[in-house]
Amino acid sequence: MGRRREEYRRPQDRTLADLMVGHRVLLQHMAGPELDPAKPDEMVRGQPEAVTGAYWLHAVSHQGIEISRELSGDAAEIYLVPWGSILMLNGLVRGELEQEAQNAFAIDRQELLERLNDPQTEDRSVGLDARRYLSFNPNDEEVREALGRLPSKYQFP
């Protein structure tokens, strides 16, 4: 297979949410009442409420955004927040994000796959690089599957 570079879109052609991937963001979203962990089969009814917090943005898709409260370690559980519940997503100024994207190099797909399939101890950013690549190439199932097989200690920098 030949070497293929990620599809590159000019920063000004990308969505603001797409540019924010890999950064800490402020998120306001709607949430329902909490489920009692001791009674997971019980239905819970109540009023929805607005929730605001600072999160790490890992990915953006047609379904919503993937976020976590912690960037690394076992506490870094990633959650999907559907677009329908998002009230506001805020982060760095678009101009700063566009400049950063212009300065960033495109991720080489074959090199990324090699890193994912044989992660090295010193390569702590391989998981984040894979999620950035997938934000440009959301239909690349081979990279998505390799990321899914990546041990958790390499998922986050």
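All values reported here derive from a predicted model rather than from experimental measurement. This chain uses plain numbering: 1 for the first residue, then up along the sequence.
- For the pair D36/E42, no side-chain contact is recorded, criterion being any heavy-atom separation below 4.5 Å from C-beta on.
- In the displayed structure, Q47 atom CD is contacted under 6.0 Å by at most 12 heavy atoms of other residues, nucleotides or ligands.
- With hydrogens and angles disregarded, a donor-acceptor distance shorter than 3.5 Å links the side chain of N117 to the backbone of L113.
- Note that CD1 of I65 is 5.5 Å distant from CG of L57, once rounded to the nearest 0.5 Å.
- Side-chain atoms of I67 and I78, non-hydrogen and from C-beta on, never get closer than 4.5 Å to each other.
- At least one test fails for R24 against the ring of Y55: distance under 6.0 Å to the centre or angle within 45° of the axis.
- Shown here for E98 and L19, the closest heavy-atom pair between the two residues is CG-CD1, 3.9 Å.
- For the atom pair OG (S85) and CG (L80), the distance works out to 8.5 Å, reported to the nearest 0.5 Å.
- Between L87 and H29 the shortest side-chain heavy-atom distance does not fall below 4.5 Å.
- Salt-bridge formation is not detected for the pair E66/R131: no Lys NZ or Arg NE/NH1/NH2 atom is positioned less than 4.0 Å from an Asp or Glu carboxylate oxygen.
- One distance of note links CD of Q28 with CG of N90; it measures 9.0 Å at 0.5 Å rounding.
- Residues L92 and L97 share a closest heavy-atom pair of O-CD1, 3.6 Å.
- For the pair R109/V143, a side-chain contact is recorded, criterion being any heavy-atom separation below 4.5 Å from C-beta on.
- The shortest side-chain heavy-atom distance between K39 and V44 does not fall under the 4.5 Å cut-off.
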- Message: I'd like to know whether V81 forms a side chain to side chain contact (heavy atoms under 4.5 Å, CB included) with L27, so could you lay out the CA-CA distance, the side-chain angles of the two residues, the decisive distance to 0.1 Å, and finally the verdict.
- Response: CA-CA 10 Å; V81 179; L27 174 68; 4.2 Å; yes
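- Counting heavy atoms from C-beta outward, W56 and E70 have side chains that stay 4.5 Å or more apart.
- The closest side-chain heavy-atom distance from W83 to V60 is below 4.5 Å.
- More than 12 heavy atoms of other shown residues, nucleotides or ligands fall within 6.0 angstrom of atom CD in E141.
- Heavy atoms only, all atoms of each residue included: D123 and R115 are closest at OD2-NE, 2.7 Å.
- Here CD of E111 is found 11.0 Å from CG of L116. Values are rounded to the nearest 0.5 Å.
- Pairing each heavy atom of P33 with each of R45, the nearest pair is CG-C, 3.9 Å.
- Heavy-atom minimum distance, A31 versus V51: CB-CG2, 3.7 Å.
- The heavy-atom pair separating L89 from A17 by the smallest distance is CD2-CB, 4.0 Å.
- Here the CD atom belonging to Q120 is positioned 7.0 Å from the OH atom belonging to Y154, to the nearest 0.5 angstrom.
- For the atom pair T15 OG1 and R94 CZ, the distance stands at 7.5 Å (nearest 0.5 Å).
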- Take N139 and R144 through the test side chain to side chain donor-acceptor pair (under 3.5 Å) and record every step on the way to the result. CA-CA 8 Å; N139 298 322; R144 188 172 302 284; over 6 Å; no
- Item | side chain to side chain contact (heavy atoms under 4.5 Å, CB included) assessment of R69 paired with E77 | CA-CA 8 Å; R69 296 287 288 167; E77 296 177 9; over 6 Å; no
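- Side-chain contact between P119 and P151 is present, with heavy atoms from C-beta onward closer than 4.5 Å.
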